[in-house]
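Chain A is the first sequence line, chain B the second, and so forth, proteins listed ahead of strands; every chain is numbered from 1.
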Amino acid sequence: MSDRPLRLRFAPSPTGFFHVGGARTALYNWAIALREGGTFVLRIEDTDEARNQPEWTQGIIDALAWIGIDTTDPHFEGPYFQSAYAEQHIAAATRLYEAGHAYYCDLTGEQIQERAKASGKQGYDNYSRDRGLAPGPGRVLRFRVPAGTTVVHDLVRGEVEFDNANIEDFVLLRGSGSPMFLLANVVDDVTMRISHVVRAEEHLPNTPKQQMLWQALGELPPVWAHVPVLVNEQRKKLSKRRDKVAVEQYRDEGILADAMVNYLMTLGWAPAGDTEIVPWSEVVEHFRLEDVKHSPAFFDIKKLNAFNGEYIRAMSVAEFIESSAPYLTSDDVPWPRELFNPVVFDEMAALVQERVSRLDEIVPMVDFLFLADPVIDEAAFTKVMAAPNAVAVLQETIGAYETAEWDADALKETLEAIGAGYELKLGKTQAPIRVAVTGRSVGPPLFEALVLLGRDETQRRLRGALSRFGDAGA
RNA sequence: GCCCCCAUCGUCUAGUGGCCUAGGACACCACCCUUUCAAGGUGGCGGCACGGGUUCGAAUCCCGUUGGGGGUGCCA
């Protein structure tokens with residue numbers, strides 16, 4: 001089974017956004033396809049009520065492209081749509097029926113429950129197995145699970161043995177005649193000549209059923225690999241209801257694709273050596289399914305952010321400026337568009353770059369440069385101005401900055417001298433100036449910002465702060 | 001209930017019988033640097049779930065217990 005051409009597949013169902021767990025599974029498949037010269041097949045499993053399908057599908061394709069899985073890459077094939085192959089699925093089911101591997105059953109869900117209650121056992125009791133029912137409306141087609149055991153050879157878990165006695169005769173075709181997931185999935189994998197099925201662990205219980213289907217269809221099963229699921233802080237499988245799982249959302253918040261990819265790969269696997277931050281090329285070279293951990297991994301946003309900070313700081317300033325642009329020119333920006341000055345931002349960029357871990361932190365860090373008036377954080381203002389001599393420092397600074405040379409060093413020295421008169425260190429002295437000009441007590445380096453703001457605007461803001469005390473400054 | 005999977009610092013992991021006094025990273029704490037905040041540097045806190053074996057030797061192998069997770073649809 002391993003001498004077939006290497007063909008992997010990623011088979012998401014279009015549910016509206018791209019799940020980080022799906023992204024990791026896709027990446028695992030992709031890394032293998034790339035290194036081994038195999039093919040990565042994208043198949044959209046849209047057989048359920050897939051409303052709005054084209055939109056969701058495009059979302060998946062865009063998200064895959066973002067993490068580097070590009071539809072134009074020679075290793076990429078697809079997308080295929082499962083819904084387009086319904087006839088094949090049904091044809092396969094018919095073959096299974098004709099070969100005696102499947103039979104029709106007319107029991108309703110209620111009837112199955114009643115029988116289960118009466119017998120004290122759970123689930124369907126294979127009641128219709130030998131009733132020889134013909135196909136008919138409302139009748140489902142069930143697979144006749146053979147006696148014996150099914151051994152699944154799994155690249156990450158080894159051999160997993162299932163007693164077929166614990167597997168009930170599952171449904172292949174609904175009463176409406178439409179194919180079920182288990183069947184469609186296998187038939188598609190067979191026709192697409194898939195050699196390796198790499199997917200999340202939640203599918204492991206399905207695997208013996210699917211393997212029996214492969215065999216009943218006269219095919220050699222693929223190599224299986226079930227990777228551990230991603231969990232939340234409560235150690236539950238990541239769910240879209242309570243957890244933040246949309247790749248698109250992280251992208252919009254300014255997580256870099258490279259950082260996301262790198263982080264995702266370290267969940268369940270680790271590059272050799274003491275460094276987790278490694279380029280994709282190294283991942284491709286070293287990733288092995290056999291090395292994937294067996295236990296679930298917590299998707300830790302803090303660590304993702306830390307990775308992202310590393311990637312941001314590794315960029316050139318020019319790259320950083322380019323990546324910042326969408327955030328600075330979006331419609332959500334707090335300043336009037338006409339007041340934004342890219343030249344000013346570019347001057348600040350290097351200082352901002354080493355202070356953010358996500359791109360969306362840029363705007364609140366530089367907003368005071370482009371706002372007509374800074375938004376004053378009242379708590380910070382009150383606290384800073386209550387410090388001994390804070391107001392006096394403010395007053396004196398206004399006077400000194402009237403004539404000071406307008407460069408960062410001079411502004412710093414001037415303020416240092418003023419602070420010295422009150423026996424204050426620069427850290428204390430700059431606080432009232434910072435809050436007066438930026439509105440906050442934290443932010444990027446002050447004097448560099450003042451230079452960009454200009455003397456007039458700086459003085460205006462300093463006086464504005466002073467006037468808050470009633471005794472209009474100047 | 002039944003079936004299956006899993007178990008190293010709080011978290012992600014290294015570790016495949018002696019190199020382990022269990023290594024790294026994130027987080028946290030302290031200190032240094034410092035113009036606030038970061039970044040950077042130094043140090044610290046903190047773990048092999050438990051009990052039996054096997055072995056000269058067990059985080060590593062076996063069994064059991066406990067604990068967690070996944071599955072159990074005419075969903076995918």
Side-chain angles (χ1 to χ4, degrees), chain A residues 11-15 45-50 82 105 107-109 112 120-124 138-142 152 154 156-157 160-163 165-168 170-182 184-185 200-208 226 228-229 231 233-237 263 266-277 293-307 309-310 313 351-357 361 365 380 384 408 411-412 415-416 419 425-431 433-435 438 440-448:
Chain A
S13 51
T15 52
E45 307 222 321
D46 55 352
T47 51
D48 202 16
E49 346 84 89
Q82 187 158 72
C105 173
L107 255 39
T108 64
I112 290 170
K121 289 179 184 170
Q122 301 245 319
Y124 173 64
R139 293 180 176 177
V140 301
L141 183 69
R142 287 182 181 273
V152 170
D154 190 295
V156 349
R157 290 167 204 281
V160 185
E161 195 174 314
F162 297 84
D163 185 345
N166 292 318
I167 303 173
E168 65 181 39
F170 52 95
V171 175
L172 263 18
L173 254 30
R174 298 186 181 90
S176 65
S178 65
M180 291 281 291
F181 158 76
L182 245 22
N185 191 262
E201 189 193 350
E202 64 209 63
H203 290 288
L204 188 51
N206 287 150
T207 308
H226 290 89
V229 294
V231 298
E233 210 148 11
Q234 285 74 238
R235 302 246 118 218
K236 303 278 189 204
K237 192 173 68 163
Y263 176 64
T266 66
L267 260 21
W269 178 79
D274 278 344
T275 325
E276 297 176 297
I277 307 281
K293 288 260 299 186
H294 298 182
S295 46
F298 169 49
F299 185 79
D300 186 352
I301 296 171
K302 277 188 177 174
K303 191 157 183 178
L304 204 214
N305 285 340
F307 268 55
E310 295 266 356
R313 275 172 256 122
L351 298 173
V352 173
Q353 183 177 0
E354 65 176 21
R355 286 173 169 75
V356 295
S357 62
E361 293 166 6
M365 193 165 288
V384 165
L411 294 174
K412 179 185 171 190
L415 195 61
E416 243 167 354
K425 287 187 185 171
L426 227 209
K428 291 286 186 198
T429 317
Q430 59 93 47
I433 311 305
R434 176 183 294 281
V435 77
T438 73
R440 305 192 188 89
S441 54
V442 299
L446 181 60
F447 306 109
E448 290 76 357

Checklist line | Nucleotide paired to B:C20 in any strand shown, Watson-Crick or G-U, under 3.5 Å | finding: none
Notebook entry, point to check: How far does CD of A:E168 sit from CD1 of A:I112, to the nearest 0.5 angstrom?
Noted result: 7.5 Å
Next item on the list: Assign A:P444 to base, sugar-phosphate, or nothing according to its heavy-atom contacts below 4.0 angstrom with the strands shown.
Entry: base
Next item on the list: Check the distance between B:A38's P and A:R313's CZ and give it to me in whole angstrom.
Entry: 12 Å
Next item on the list: Classify the side-chain pair A:S178/A:R174 by whether it contains a donor and acceptor separated by less than 3.5 Å.
Entry: yes
Notebook entry, point to check: If we only count heavy atoms from C-beta on, is the A:R355 to A:V352 side-chain gap below 4.5 Å?
Noted result: no
Note to self: Please give the distance between the C1' atoms of B:C3 and B:G10 as a whole number of Å.
What the structure shows: 32 Å
Margin query: Tell me the interatomic distance from A:I277, atom CD1, to B:U13, atom C1', rounded to whole angstroms.
Written below: 13 Å
Notebook entry, point to check: Whole-Å distance between B:C74 C1' and A:L173 CG?
Noted result: 10 Å
Note to self: Say we look at B:A39 and B:C28: how far apart would their P atoms be, to the nearest angstrom?
What the structure shows: 9 Å
Notebook entry, point to check: How about A:Q430 and A:L415: do any of their side-chain heavy atoms sit closer than 4.5 Å?
Noted result: yes
Check: What nucleic acid atoms does A:E448 come within less than 4.0 Å of, heavy atoms only: base, sugar-phosphate, or nothing?
Finding: base
Checklist line | Side chain proximity check, A:N206 to A:L182, heavy atoms < 4.5 angstrom | finding: yes
Item checked: B:C33: pairing nucleotide in any strand, Watson-Crick or G-U under 3.5 angstrom -> none
Checklist line | Rounded P spacing from B:C26 to B:A7 in Å | finding: 25 Å
Next item on the list: Side chain of A:L446 only, please: which of B:U36, B:U35, B:C12 is the nearest?
Entry: B:U35
Enumerate the protein-to-nucleotides 68-72 of chain B contacts in which both atoms are nitrogen or oxygen and the separation is below 3.5 Å.
unit_1: B:G69; atom_1: OP1; unit_2: A:K236; atom_2: NZ; d: 2.6
unit_1: B:G70; atom_1: OP1; unit_2: A:K237; atom_2: N; d: 3.1
unit_1: B:G71; atom_1: OP1; unit_2: A:K237; atom_2: NZ; d: 2.7

Next item on the list: May I ask you to say what A:V140 touches in the nucleic acid, namely base, sugar-phosphate or nothing, with a heavy-atom cut-off under 4.0 Å?
Entry: base
Note to self: To the nearest 0.5 Å, what is the distance between CG on A:L351 and CG on A:L446?
What the structure shows: 11.5 Å
Next item on the list: May I ask you to test the A:R157-A:E201 pair for a side-chain heavy-atom distance under 4.5 Å?
Entry: yes
Checklist line | 5'-most by nearest nucleotide on RNA chain B - A:G427 or A:G268 | finding: A:G268
Check: If only side-chain N and O atoms of A:R174 are considered, is one of them under 4.0 Å from the OP1 or OP2 phosphate oxygen of B:C75?
Finding: yes
Notebook entry, point to check: When we call it a touch if two heavy atoms are under 4.0 Å apart, what does A:L107 touch: a base, just sugar-phosphate, or nothing?
Noted result: base
Checklist line | Interatomic distance at P, B:U36 relative to B:C31, whole Å | finding: 15 Å
Check: Looking across every strand, which nucleic acid part, if any, lies under 4.0 Å from A:F162 by heavy atom: base, sugar-phosphate, or nothing?
Finding: sugar-phosphate
Check: Under a 4.5 Å cut-off applied to non-hydrogen side-chain atoms, are A:K236 and A:V231 in contact?
Finding: no
Margin query: Checking base pairs now: Watson-Crick or wobble, both atom distances under 3.5 Å. What partners B:C28?
Written below: B:G44
Notebook entry, point to check: Can you find an N or O donor on one side and an acceptor on the other, under 3.5 Å apart, linking the side chain of A:R157 with the base of B:C5?
Noted result: no
Notebook entry, point to check: Which listed nucleotide (B:C2, B:C75, B:A14) is nearest to the side chain of A:K293?
Noted result: B:A14
Note to self: From CG of A:L351 over to C1' of B:U35, roughly how many Å is that when rounded to an integer?
What the structure shows: 12 Å
Check: Paired with B:A58 by Watson-Crick or G-U wobble geometry, both distances under 3.5 Å: which nucleotide is it?
Finding: none
Next item on the list: Write down the distance separating the C1' atoms in B:U60 and B:U16, rounded off to the nearest Å.
Entry: 7 Å
Next item on the list: Would you kindly give the CG-to-C1' distance between A:L172 and B:G73, to the nearest whole Å?
Entry: 14 Å
Next item on the list: Any chance you could measure A:K237, atom NZ, to A:E202, atom CD, to the nearest 0.5 Å?
Entry: 4.0 Å
Item checked: Nearest-Å distance once atom P is located in both B:A49 and B:C12 -> 14 Å
Check: Across all strands shown, which nucleotide pairs with B:C2 by Watson-Crick or G-U wobble geometry, both distances under 3.5 Å?
Finding: B:G71
Note to self: Return the CD to OH distance between A:E310 and A:Y263, rounded to the nearest 0.5 Å.
What the structure shows: 14.0 Å
Next item on the list: Pick the C1' atom in B:A59 and in B:C19, then give their distance to the nearest Å.
Entry: 15 Å
Item checked: A:Q430 CD - B:C37 C1' separation (whole Å) -> 10 Å
Checklist line | Spatial distance of atom OG1 (A:T429) from atom CD (A:E416) [nearest 0.5 Å] | finding: 8.0 Å
Check: A:H294 has an atom NE2; how far is it from atom C1' of B:U13, in whole Å?
Finding: 14 Å
Next item on the list: Round to a whole Å and report the spacing from NZ of A:K425 to C1' of B:U35.
Entry: 12 Å
Note to self: For a quick check of understanding: with a heavy-atom distance under 4.0 Å over all strands, which category does A:A297 fall into, base, sugar-phosphate or nothing?
What the structure shows: sugar-phosphate
Note to self: When you measure from the centre of the six-membered ring of A:F170, is the NZ or CZ of A:R142 closer than 6.0 Å and no more than 45° off the axis?
What the structure shows: no
Show the distances under 3.5 angstrom between N or O atoms of the protein and N or O atoms of nucleotides 22-26 of chain B.
unit_1: B:G24; atom_1: O2'; unit_2: A:D274; atom_2: O; d: 2.6
unit_1: B:G24; atom_1: N2; unit_2: A:E276; atom_2: OE2; d: 3.2
unit_1: B:A25; atom_1: O2'; unit_2: A:E276; atom_2: OE1; d: 2.8
unit_1: B:A25; atom_1: N3; unit_2: A:K303; atom_2: NZ; d: 2.9

